[in-house]
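The block underneath contains the structure these notes are about, expressed in structure tokens.
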There are 2 protein chains.
Amino acid sequence: MSAECSGPPIGALLARSSHAFNAAVGEALAREGMTLRAFLLLEAAAGGPRSQQSLAADIGLDKTTMVAAVDDLVAHGLVERRSAPADRRVRLVTVTGDGDRVRQRCREVVAATEAELLDELGAQGRAELRGLLLRLLHGRLGASGRSGSCV
Amino acid sequence: MSAECSGPPIGALLARSSHAFNAAVGEALAREGMTLRAFLLLEAAAGGPRSQQSLAADIGLDKTTMVAAVDDLVAHGLVERRSAPADRRVRLVTVTGDGDRVRQRCREVVAATEAELLDELGAQGRAELRGLLLRLLHGRLGASGRSGSCV
DNA sequence: TATTGTTATACTCTATAACTATA
DNA sequence: TATAGTTATAGAGTATAACAATA
């Protein structure tokens with residue numbers, strides 16, 4: 001038996017922290033007329049033209065919900081659907097110039113929001129937290145099938 | 001501008017970690033015939049007989065959803081509803097003997113699951129992570145109205 | 001009149017099934 | 001036959017509104 005120390009379970013602390021982070025980032029993005037999910041999708045699409053299913057698997061969405069998510073970005077002119085020449089069944093989601101500008105601005109907004117929330121930890125604390133979470137995710141936590149929306 | 005270092009945003013790491021934690025703990029509790037939410041409610045009720053609204057505010061549920069949540073625990077004989085003598089509008093949720101036994105077992109299951117997931121961090125890493133998250137939650141993160149289900 | 005608990009209802013989100021067009 | 005995308009539909013989960021009992 002490992003000497004588990006006192007205090008609330010870490011899972012509860014993680015849940016509260018994550019929830020508060022998502023709420024703060026979501027509010028900041030809402031002021032830009034964006035959604036956290038839409039931003040994540042935009043980021044994923046910016047990695048290069050990819051099929052909707054590939055994006056869906058990446059973000060942890062269903063292919064059916066991905067349709068509406070892409071529809072939304074298309075309606076705002078941030079991405080375009082293009083038929084892939086090699087396989088005309090797949091629709092490559094490509095980021096437009098406007099989309100990239102919005103994405104850059106949202107990146108800054110998200111980074112600023114996170115920086116403010118992480119301020120009390122100091123540079124060293126932030127690095128430690130990042131390192132610990134990465135170790136956690138590369139351990140048993142990442143081993144289990146960790147698909148899921150997380151959003 | 002603070003020197004924000006490289007890597008994925010910490011919010012994303014927190015979200016993935018929290019999601020994986022909840023999934024693992026949820027699976028472990030499911031093997032005991034329990035739900036994460038039901039366990040949290042049972043834990044809150046074990047703090048002493050309290051009104052449903054008080055419990056709802058604590059867990060971050062709506063009072064209307066709390067009704068069904070308590071109904072579920074009552075159906076399993078883990079808690080009882082008793083009218084408060086002082087104010088007969090409120091129903092005090094009290095944990096039964098069976099409820100307390102189930103709660104103790106679930107506490108052990110949750111602790112064991114978390115311990116396994118946190119194993120790679122070592123005792124020192126676990127303490128560091130706990131400390132960092134507590135500092136985070138006592139800072140700006142906890143300052144904002146942080147109500148919400150988190151479950 | 002205000003508040004606790006409850007019910008009924010509507011709304012949001014997501015997944016399942018069925019369809020199309022390609023392969 | 002199998003796959004990418006789409007649509008329609010059903011389900012879970014949640015919140016809003018209205019009601020009962022009590023203060």
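Proteins come first, then strands; the chains are lettered A, B, ... in the order of their sequence lines, and each starts at number 1. Note that these values count all heavy atoms, side chains included, but never hydrogens, waters or copies made by symmetry.
Backbone-only contact: A:Ser51 has heavy atoms under 4.0 Å from sugar-phosphate atoms and none from a base.
Distance, B:Gln52 CD to C:dT7 P: 10 Å, rounded to whole Å. Here C:dT7 presents its P atom at 15 Å from CE of B:Met66, a figure rounded to the nearest Å. Put simply, CG on A:Asp87 is 6 Å from P on C:dA23, counting in whole angstrom units. Summarising the geometry, the separation between CG on A:Asp72 and P on C:dT14 is reported as 13 Å, rounded to the nearest angstrom. In this structure, B:Asp62 atom CG and C:dT6 atom C1' are separated by 12 Å, rounded to whole Å. One atom, CG of A:Leu55, and another, P of D:dT6, lie 12 Å apart when rounded to the nearest Å. In this structure, A:Asp71 atom CG and D:dA8 atom P are separated by 12 Å, rounded to whole Å.
In terms of polar N and O atoms assigned as donor or acceptor, the side chain of A:Arg89 comes within less than 3.5 Å of the base of D:dT3 in a complementary pairing.
Nearest-nucleotide assignment on DNA chain D puts the 5′-proximal partner with A:Lys63, out of B:Ala86 and A:Lys63.
Each of B:Val79, B:Leu42, B:Leu78 was scored for a side chain to side chain contact (heavy atoms under 4.5 Å, CB included) with B:Arg103, with one residue passing: B:Leu42. The residue from B:Leu117, B:Leu129, B:Leu13 that alone fulfils the side chain to side chain contact (heavy atoms under 4.5 Å, CB included) condition with A:Leu136 is B:Leu129.
Proximity note for A:Arg91 (side chain, C-beta onward) versus C:dT14, C:dA23, D:dT6: the nearest is D:dT6. Each of C:dA15, D:dA15, C:dT4 was ranked by its minimum atom distance to the side chain of B:Gln53; first place goes to C:dT4.
Inspection of the A:Asp62 and A:Thr64 side chains reveals an N or O donor paired with an N or O acceptor under 3.5 Å.
Judged by distance alone, the side chain of B:Glu114 and the main-chain N or O of A:Gly11 form a donor-acceptor pair under 3.5 Å.
The phosphate of C:dT14 (OP1 or OP2) has a side-chain N or O of A:Arg37 nearer than 4.0 angstrom.
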